[in-house]
Amino acid sequence: MSPSQALRATPTAAPRTNSKVETEYRKRTVGSAKLYAEACEVIPAGLTHDSRTLLPYPIYAARAAGPRKWDVDGNAYVDYFGGHGALLLGHCHPAVVAAVQEQVALGTHWGSSQELEVRWAELVHRLVPCAERVRFTASGTEASHLALRLARAHTGKSKVVRFVGHFHGWHDQVAPGGMSHFDGSVPAGIPPSVVEQTILLPADDVGVVAATLKQRDDIAAVILEGSGASWGMVPLPPGFLTGLRATTTEHGVLLILDEVITGFRWSRGGAQARFGVTPDLCVLAKIVAGGLPGGAVAGRREIMDQLDPAAAAAAKREKIGHQGTFNANPLCAAAAVTTLSIVEREDVCAKAEATAAEIRAGMRQILIEEDVPWGIYGDASAFLVFQNPKRLRIDPADFDPLRLGFKDLKAVRDANLSHRLRIAMLSNGVDFMGAPGGLVSASHGPAEVAHTLEAFRVSVRWLKDEGDIVA
Ligand code: PMP
């Protein structure tokens with residue numbers, strides 16, 4: 001079975017009847033199993049996003065509120081998917097619901113300029129240090145695509161430095177090395193000539209980047225996740241970001257920070273405000289659109305003004321094209337303005353971060369008590385579980401992901417073990433993201449923390465009983 005086949009399960013996959021973890025899950029989720037079988041008849045793999053893969057099948061959600069969601073079988077879950085990180089305020093924040101309800105009756109798409117997009121851009125401008133100008137898109141993938149186009153046009157150069165394991169959406173230019181093809185090889189469906197335009201480097205030594213920028217004069221930009229790959233699954237070594245800022249400035253190369261996850265989460269002003277490193281451009285999505293679809297590119301005026309025909313002409317530059325039917329549509333703008341106003345007014349990032357710190361500490365303590373050689377880590381309001389697939393000698397009390405690296409933290413992962421933990425957690429009322437791990441919202445509180453820790457202890461014991469964890 002190939003690795004990608006191993007990640008999937010068709011509904012005809014035989015149930016593992018000797019597994020309590022799987023039996024419990026199947027018992028509680030009959031409605032989800034039925035929907036998955038129906039989905040597989042019309043949707044490839046029955047899934048609409050690769051990251052929603054779950055063995056033996058995913059849950060089908062029916063509703064959500066605050067930190068919780070419910071599936072079609074009526075089971076409640078403490079939710080750490082948080083709309084793939086888009087829901088810093090939790091599900092269905094009353095002010096966001098009211099704003100969207102009001103807007104839907106006024107029109108979802110006017111095909112016109114509108115006040116909400118101005119207020120939205122003003123909020124991004126006030127909150128995000130680099131955001132002298134803002135342009136909205138319909139997703140993070142589109143925003144990363146636009147940022148690269150702006151950078152290439154501004155510098156007149158074509159190559160972009162990226163880092164192994166850093167994810168910037170699914171468009172062709174950033175496909176290899178993000179979630180697969182970590183050796184930079186060409187994924188099926190993507191022209192080799194596109195892949196050749198990016199230079200994939202390891203994100204563990206700023207000296208390698210500096211040497212690359214020094215040797216070559218065809219590099220437009222360096223793009224990275226400020227958290228390290230996959231919202232901190234592979235953290236950056238200390239000094240990496242500041243070193244990158246210095247070397248890109250020295251060589252006249254643009255620094256693009258992908259803040260799709262970290263924006264309005266790592267701090268009100270994102271990773272750039274948290275770490276005091278101002279990029280030339282940043283890529284935003286998720287929280288920026290208040291939990292509805294949307295994204296943005298923000299950055300230095302002279303780069304962004306390539307989108308303005310008059311400014312481009314005055315600077316003797318070609319105007320850069322950018323369309324998009326749903327850019328800054330009123331429905332998303334209403335959710336966005338409401339959410340970002342709350343981010344500006346209240347310290348929701350700090351609240352989510354404090355809760356995440358409690359979760360990390362509690363889970364770490366459970367690993368120590370249960371004698372499990374895994375690690376718990378994560379920055380800001382994220383938490384991650386390192387499941388130690390190679391059975392390294394790990395002491396959960398002093399686990400430091402920086403002592404490992406990309407290979408152990410992201411390249412070599414045991415998807416089945418991750419799925420086993422996740423279905424055990426689901427059977428105990430908690431939905432973890434695939435890392436496995438989660439993104440905490442400001443609506444999570446002590447009751448959710450207590451429930452999560454109890455579920456984690458029970459799940460770990462189940463996995464120990466079934467031989468998934470060997471102390
Ligand atoms: N960049 C990062 C860091 C992301 O995490 C994501 C989405 N998970 C994207 C870009 C792409 O955003 P979208 O899914 O909105 O296209």
Side-chain angles (χ1 to χ4, degrees), residues 47-53 80-88 124 128 135-151 160 162-180 198 200 203 221-236 241 255-266 270-272 274-275 279 281-299 322 324-329 332 335-336 339 378-382 384 406 409-410 432-439:
L47 298 170
T48 50
H49 188 311
D50 285 354
S51 315
R52 294 187 200 139
T53 308
Y80 291 105
F81 251 96
H84 290 230
L87 298 167
L88 178 65
V124 175
V128 178
R135 179 82 166 213
F136 296 110
T137 64
S139 71
T141 296
E142 289 184 21
S144 97
H145 187 123
L146 176 61
L148 297 183
R149 184 181 289 184
L150 287 166
V160 171
R162 296 169 44 228
F163 295 101
V164 183
H166 286 228
F167 183 68
H168 305 296
W170 62 270
H171 63 83
D172 287 0
Q173 301 174 63
V174 291
M179 301 305 281
S180 68
T198 64
L200 203 55
V222 173
I223 185 168
L224 82 162
E225 288 186 70
S227 54
S230 293
W231 43 280
M233 184 188 287
V234 192
L236 298 171
L241 255 186
L255 180 64
I256 306 175
L257 208 52
D258 183 332
E259 296 248 37
V260 168
I261 296 263
T262 55
F264 314 100
R265 181 181 286 281
W266 253 232
Q272 54 192 282
R274 186 181 181 97
F275 300 128
L281 293 174
C282 75
V283 178
L284 299 163
K286 302 194 192 271
I287 298 169
V288 78
L292 267 66
V297 179
H322 175 233
T325 300
F326 285 103
N327 297 350
N329 69 83
C332 298
T339 298
D379 199 4
S381 46
L384 290 131
F406 169 75
L409 294 167
K410 182 161 172 173
F432 271 5
M433 284 172 84
L439 290 163

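Remember, it's 1-based here, ligands and their atoms both numbered in the order they're listed. Keep in mind that the numbers below use all heavy atoms, side chains included, and drop hydrogens, waters and symmetry copies.
- Checked by atom type, the side-chain pair Ser144/His171 shows a donor-acceptor distance below 3.5 Å.
- Ligand 1 is surrounded by Ser139, Gly140, Thr141, Phe167, His168, Gly169, Glu225, Asp258, Val260, Ile261, Lys286, each with at least one heavy atom closer than 4.0 Å.
- No donor-acceptor pair under 3.5 Å is formed between the side chain of Ser230 and the backbone N or O of Met233.
- Between the side chains of His168 and Arg162, no donor N or O sits under 3.5 Å from an acceptor N or O.
- Residues Thr198 and Gln173 share a closest heavy-atom pair of CG2-O, 3.3 Å.
- Looking at every heavy atom in both residues, Cys332 comes nearest to Pro293 through SG-O, 2.9 Å.
- Inter-residue side-chain proximity for Val260 and Leu284 is flagged as unmet; no heavy-atom pair is nearer than 4.5 Å.
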